Amino acid sequence: MRVLVLDGAQAGAQARALVACVRITPEGCMTEHRHEAEGRGGSEGFPLLARDLMAECGWTMPMLDMVAVVVGPGSFTGLRASIAFAQGLALGLGCEVVGVTTGEALADSLRAQVAAPGTRILCCSVARRGRAFVESIPAQAGRGDGKVRAVMLDDPAALPSGPLLLGGSAAADVAATCARGRADVTIAPLLRPDACAIARAALLRREGGLAPRAVLPLYVDPPEAKLPAAGLRPPPRKADDNA
């Protein structure tokens, strides 16, 4: 199976966009070529990067079996750009497009880091305005969708009690602030999922091992845009209406 992987979710100072060509076989998963664009705006170049990477692999667009894209949480612009490209590409080629969250892609690696029974796993992603997005990872694969919420980094009550394992790009910040002084919190050295982790999570969803999820941006915050106080303007009139 040939999979094009897109991840434009990463935000903040660690922002980077990932595009990769991944091959999945019965023997395992292999990343044939990948490109990472550091900084904001990297996902806006996905169309050209994908074309060039596939050419390096000797793939043509019709050879794709699936497009796997990270749907969030994370960068507003990065998610819109990467998901729009993924949907358009899959529609044009007639192949499948599957969306996964950052936590879903990191889940297996995070579970492997758990040392104490009963440890709860949280995937923490960078957010704006002194916050982090926190995604709960089920203790076992396929046991429900993880909930995602935004927490303030200066809120000591933001995290649940009991032993915790934190992963993701904001794990260190969350541990240093929300979990300050707690001895039952461990940080996993996993900042972001690699291409194969994203592809495997997408394949798991495709095969029914994860609950269905729409390929749409996972926005944790409510929309900041508001309707005008006076309401929307009426639609423009047609030329015939003025006759």
Side-chain angles (χ1 to χ4, degrees), residues 1-24 28-61 63-90 95 97-110 113 123-128 132-133 135 166-173 187-203 205 215 217-218:
M1 172 181 286
R2 295 178 178 89
V3 183
L4 182 67
V5 171
L6 306 170
D7 181 6
Q10 304 299 323
Q14 301 177 21
R16 70 94 167 90
L18 168 70
V19 56
C21 295
V22 172
R23 188 189 294 272
I24 300 178
C29 180
M30 179 180 68
T31 300
E32 297 206 350
H33 285 280
R34 70 181 180 89
H35 177 83
E36 292 190 41
E38 299 291 339
R40 295 184 176 91
S43 57
E44 297 169 14
F46 274 166
L48 293 179
L49 289 171
R51 181 200 64 186
D52 293 344
L53 281 181
M54 291 183 66
E56 292 175 17
C57 295
W59 296 4
T60 61
M61 289 293 181
M63 294 169 67
L64 284 178
D65 298 299
M66 182 171 66
V67 180
V69 60
V70 177
V71 297
S75 164
F76 179 86
T77 302
L79 291 177
R80 288 174 65 90
S82 55
I83 294 173
F85 175 57
Q87 290 177 328
L89 186 60
C95 69
V97 57
V98 181
V100 299
T101 67
T102 298
E104 288 169 342
L106 279 176
D108 285 345
S109 296
L110 287 171
Q113 298 280 324
C123 181
C124 308
S125 301
V126 171
R128 297 184 298 162
F133 295 131
E135 181 177 356
L166 307 182
S169 59
D173 291 336
I187 303 175
L190 297 165
L191 295 178
R192 58 183 71 90
D194 62 23
C196 273
I198 296 168
R200 284 193 297 263
L203 182 60
R205 168 152 286 131
V215 188
L218 173 61

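Predicted model only: the values in this text are computed from it and were never measured.
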| Given D108 and R200, is the side-chain contact (heavy atoms from CB on, under 4.5 Å) satisfied, shown in steps? | CA-CA 10 Å; D108 285 345; R200 284 193 297 263; 5.6 Å; no
Please round to the nearest 0.5 Å and tell me the distance separating atom [atom1] of [X] and atom [atom2] of [Y].
X	Y	atom1	atom2	answer
S169	Q10	OG	CD	5.0 Å
F46	I83	CZ	CD1	10.5 Å
E104	I198	CD	CD1	11.5 Å
L53	C21	CG	SG	5.0 Å
D173	S125	CG	OG	11.5 Å
R128	F133	CZ	CZ	8.0 Å

| request: Not counting sequence neighbours, which residues clear salt bridge (Lys or Arg N to Asp or Glu O under 4.0 Å) with R34? List them please. | output: E36
Within the 4.5 Å heavy-atom criterion, are [X] and [Y] side-chain neighbours or not?
X	Y	value
M63	M61	no
Q87	V215	yes
R192	T102	no
L6	S43	no
V3	R23	no

[X]: what forms a side-chain contact (heavy atoms from CB on, under 4.5 Å) with it, not counting sequence neighbours?
X	value
A50	L4, V19, F85
A188	L110, Q113, L165, L190
A195	V5, L18, A20, V22, T31

| request: Identify which one of V100, T101, L106 satisfies the side-chain contact (heavy atoms from CB on, under 4.5 Å) criterion when paired with P193. | output: L106
All N/O donor-acceptor pairs, side-chain side in residues 65-76, below 3.5 Å, sequence neighbours left out:
from: D65; atom 1: OD2; to: R2; atom 2: N; distance (Å): 2.7
from: S75; atom 1: OG; to: G78; atom 2: N; distance (Å): 3.0

| query | Which atom names give the shortest non-hydrogen contact between V97 and A90, and what distance separates them? | reply | CB-CB, 3.6 Å
| field | Which atom of S82 lies closest to which atom of G8, heavy atoms considered | value | OG-N, 3.9 Å
| said: Tell me which pairs pass side chain to side chain donor-acceptor pair (under 3.5 Å) where either residue lies in residues 50-59, with sequence neighbours left out. | reply: H33-E56
| message | The criterion is disulfide bond (SG atoms under 2.5 Å apart); which residues satisfy it with C95, sequence neighbours excluded? | response | none
